[in-house]
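Written out below as structure tokens is the structure these notes cover.
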Amino acid sequence: MTDTRLSFVHRFEPAPGAGRPPLLLLHGTGGDENDLLPLGRMIAEGSALLSPRGKVLEGGMPRFFRRLAEGVFDEADVRRRAHELADFIAEAREAYGLAAPIAVGFSNGANIAAAVLMLRPEALAGAVLLRAMVPLSEPPAADLAGKGVLLLSGSGDPIVPAENAGRLAAILKGAGAAVEHRILPVGHGLSQADVTLAKAWLDSNSAKEI
Ligand code: MLT
């Protein structure tokens, strides 16, 4: 059930057992807190799922930060919203007794997850970024040592240029993250390969953390 008690409208599904890190599910433009729950259940059976709804509305469509045009971001808003989301993560960890989550974000949700990694690295244990791009033109110097990031891009993605996705991988690597960047023969939408790769990556990363 959708919950309005914390600072983001969200859904929370407790873990059926102990031992797997929780997932923070971040939807794309026009999605909501319900969207990625089925994906979360598919790729991380056994994890708690925390799924907030983006607070910014673009023509009625929820997002996690403002943009000026497709692929052109209001970076002051990116920064403000990344901090707001990191504060919500801390609040939800306290309310639900959670370890730091691994973000699983799609499109706009992947972009805000990348911004949280850069601005508030302590908020996340790692991230699966699906069709992400560079969220800040001048990224701060973050310390991402010990954090794993799986970046899945599409070679035919009309929204995320290959150069941009490559630059994001380089920025995260430069900050010390263990980045695996895979480029799939797909567009912006999710494919079965995303599900398979994300599940395998989460299985091996969760095993490392136990
Ligand atoms: C964004 O605005 O974050 C990206 O252009 C992806 C999208 O939401 O379409």
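Whatever order the structure lists them in is the order used to number ligands and atoms, beginning at 1. Every value quoted in this text rests on a predicted model; they were computed, and no experiment measured them.
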Consider side-chain contact (heavy atoms from CB on, under 4.5 Å). Of Ile43, Val128, Leu152, Leu130, which one does Leu197 pass it with? Leu152

More than 12 non-hydrogen atoms from neighbouring residues, nucleotides or ligands closer than 6.0 Å to [atom1] on [X], yes or no?
X	atom1	result
Arg67	CZ	yes
Glu163	CD	yes
Glu45	CD	no
Arg167	CZ	yes

For the residue pair Phe88 and His83, is the inter-centroid distance of their aromatic rings smaller than 6.0 Å? no

What atoms of ligand 1 come closer than 4.0 angstrom to any heavy atom of [X]?
X	value
Arg63	1 (C), 2 (O), 3 (O), 8 (O)
Phe65	3 (O)
Gly71	5 (O)

Give the residue and atom name of whichever protein heavy atom lies nearest to [atom], and the separation in Å to one decimal.
atom	answer
atom 7 (C) of ligand 1	Ser107 OG, 3.2 Å
atom 9 (O) of ligand 1	Arg67 NH1, 3.2 Å
atom 8 (O) of ligand 1	Thr29 OG1, 2.5 Å

If I apply the N/O under 3.5 Å rule, does Asn111 come out as touching ligand 1? yes

Heavy-atom gap Gly28 to ligand 1 smaller than 4.0 Å: no

Given that the side chain starts at C-beta and the backbone is N, CA, C, O, which of these parts of Asn108 lies under 4.0 Å from ligand 1, counting heavy atoms, or is it both or neither? both

Tell me yes or no: between the side chains of His10 and Thr2, is some donor less than 3.5 Å from an acceptor? no

